[in-house]
Amino acid sequence: MSNRITFPSDFVWGAATASYQIEGGWDEDGKGESIWDRFSHTPGKVAEGHTGDIACDHYHRWREDVALMKELGLKAYRFSVSWPRVLPQGRGKVNQLGLDFYSRLVDELLRAGITPFATLYHWDLPQPLQDAGGWPERDVTGAFCEYAQAVSRALGDRVRHWMTMNEPHIISFLGYLDGVHAPGHTSREEMLAAAHHVLLAHGMAVPLIRANSKDAQVGIALDHYPQIPASESEADRKAALLQDGVLNRWFLDPLDGKGYPQDVVEHYRSDMRFVQAGDLQTMAAPIDFLGINYYFRYLVRSKEIPEAQNMPPTQFSTGEFTDMGWEVYPQGAYKLLKRLQADYSFPAFYFTENGAACPDHPDAQGEVNDPARISFIKRHLEQMHQAILEGVPLRGYFVWSLLDNFEWAFGYTKRFGIVYVDYPSQKRIPKASANWYRQVIAEGGFPTD
Ligand code: FCB
């Protein structure tokens, strides 16, 4: 007898993208330069010298792309707005043509019966703001508010679901500490200040969006990483707790009104001089949902205690990895949701990103078969479903990504789409996973094995 998994009838089935990764049109219609334009145009920064100059050419093909979403039966679409398209200098003069692009996109989505979920910042900071110091400079928060005002005023009558930021941790760590993302800096102090200002700008923008968008649901998307100690040793447990603090609690706690986690403050030994009176209250502006981006976990082994002193591992890798080298760990979806519900007071959750990179290519018939992606999504959804049954308010799921696209420092070498993009011709080919997902959406669930 086959069992079925059925999601709540109002569960939001969606797909996600981001402006720099799909739009192209990098200098069209008055758009200003972003840090990703600058970074990708700098030799040696992105695999094979790839840039987002053309990407999926969505800036010109948006109408067909919405038609494709409709054909897939998507209920919602998460996209991001390009800040330098709207404010080419980062602040000051608004570029109406830039706003018009998103206005047309939103109208087309609504005509297709697809709910728009807009993210304001998915990493394409206007270059002039970086020239003035970027996220480590407090002044950037005021510019972000101008931007949030301009976009929510223009779209707030039609967009009801907003995310301020995508992944404050990646913005600060990869951009300002590891240097593998734009702007490519490597400074711990800059990283900490950047993270602070991203959360602060978020908190400042929440009431502005609410004022411009009646009955808006406002949230933020964080990247989450379950930290699993590799053994039951005290050393590994402590290491996992600290890493949970660095990657997860550092962002979750201030958003939830708890301030920065003390154990991590001590670990950084930073003077935290960027924190000003009132900041922690501002950052904790009540939100309507927390966005969860989840791809993989960490199995944590203490580095401080010599290996020999550790107990033998009790937790092992699943041995299954995506094309990114990320471990496939579906139980992480359940663990995250339960943990977030237990430890925090966010009223609702969306899975705002989850998906897998696979080495996809069309076969002789021109079809793209991606059973590993179907299996990945399915197993993650099963875990989410279990959490819903146990009362976790998970309202929707956005697969990353609708289209193969510019995967940051990996350029076009990694394919995350449920739709294949043949870049030379810009032809879109829905993969087997897209057809599977269409059926899941239509039936509100799927049979279990
Ligand atoms: C997330 C990003 C998204 C995409 C996926 C694979 O960290 O938000 O843009 O690159 O990873």
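Computed over heavy atoms, backbone and side chain alike; hydrogens, waters and symmetry mates excluded. All ligand and atom numbering here is 1-based and tracks the order in the structure. Residues: numbered from 1 along the sequence shown.
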Q. Taking the six-membered ring of Tyr268, is the NZ or CZ of Arg188 close enough (under 6.0 Å from the centre) and on axis enough (within 45°)?
A.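 Arg188 over Tyr268 ring: no.
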
(Q) Does Arg78 qualify as a cation-pi partner of Tyr350, given the criterion of NZ or CZ under 6.0 Å from the six-membered ring centre and within 45 degrees of its axis? (A)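 No cation-pi geometry.
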
Q) Any idea which part of Glu353 is under 4.0 Å from ligand 1, heavy-atom wise: side chain, backbone, both or neither? A)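 The answer is the side chain.
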
Q: Of the side chain and backbone of Asp223, name the one, both, or neither that has a heavy atom under 4.0 Å from an atom of ligand 1.
A: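 For Asp223, there is no contact with ligand 1 at all, from either part.
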
Of all the atoms in ligand 1, which lie at a distance below 4.0 Å from a heavy atom belonging to [X]?
X: Glu407; answer: 4 (C), 6 (C), 10 (O)
X: Phe416; answer: 6 (C)
X: Trp123; answer: 2 (C), 7 (O), 8 (O)
X: Trp408; answer: 3 (C), 4 (C), 9 (O), 10 (O)
X: His122; answer: 2 (C), 3 (C), 8 (O), 9 (O)

Q. Measuring from the heavy atoms of Asn166, does anything fall under 4.0 Å of ligand 1?
A.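 Contact check Asn166 vs ligand 1: positive.
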
Q: Grab the two heavy atoms, one from Ala409 and one from Val180, that are nearest each other, plus how far apart they are.
A: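 Smallest interatomic distance, heavy atoms only, reads CB-O, 3.7 Å.
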
Q.
With salt bridge (charged side-chain N to carboxylate O under 4.0 Å, His left out) as the rule and sequence neighbours excluded, what pairs involving residues 168-183 come up?
A.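 Every pair satisfying salt bridge (charged side-chain N to carboxylate O under 4.0 Å, His left out) with a residue in residues 168-183: there are none.
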
Q.
Please confirm whether the ring centroid of His58 lies under 6.0 Å from the ring centroid of Phe79.
A.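 Ring-ring flag for His58/Phe79: false, centres at least 6.0 Å apart.
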
Q. Who's the nearest protein heavy-atom neighbour of atom 7 (O) of ligand 1, and how far?
A.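 Protein heavy atom with the smallest distance to atom 7 (O) of ligand 1: Glu167 OE1, 2.6 Å.
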
Q. What residue and atom, counting heavy atoms only, is the protein's closest point to atom 5 (C) of ligand 1, and at what distance?
A.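 Nearest protein contact, heavy atoms only, for atom 5 (C) of ligand 1 is Tyr295 OH, 3.3 Å.
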
(Q) So for ligand 1, is Trp400 a polar contact partner (N or O within less than 3.5 Å, distance only)? (A)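 It does not: no N or O of Trp400 is found under 3.5 Å from an N or O of ligand 1.
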
Q.
How long is the straight-line distance from CG of Leu394 back to CZ of Phe7, given to the nearest 0.5 Å?
A.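 It is 7.5 Å, given to the nearest 0.5 Å.
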
Q. Hey, what do you get for CD (Gln341) to CG (Asp343), rounding to the nearest 0.5 Å?
A.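 The distance works out to 10.5 Å.
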
Q) Once the angle between the rings of Trp123 and His181 is folded into 0 to 90°, is it parallel (under 30°), tilted (30 to 60°) or perpendicular (over 60°)? A)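 Tilted: the ring planes of Trp123 and His181 meet at 30° to 60°.
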
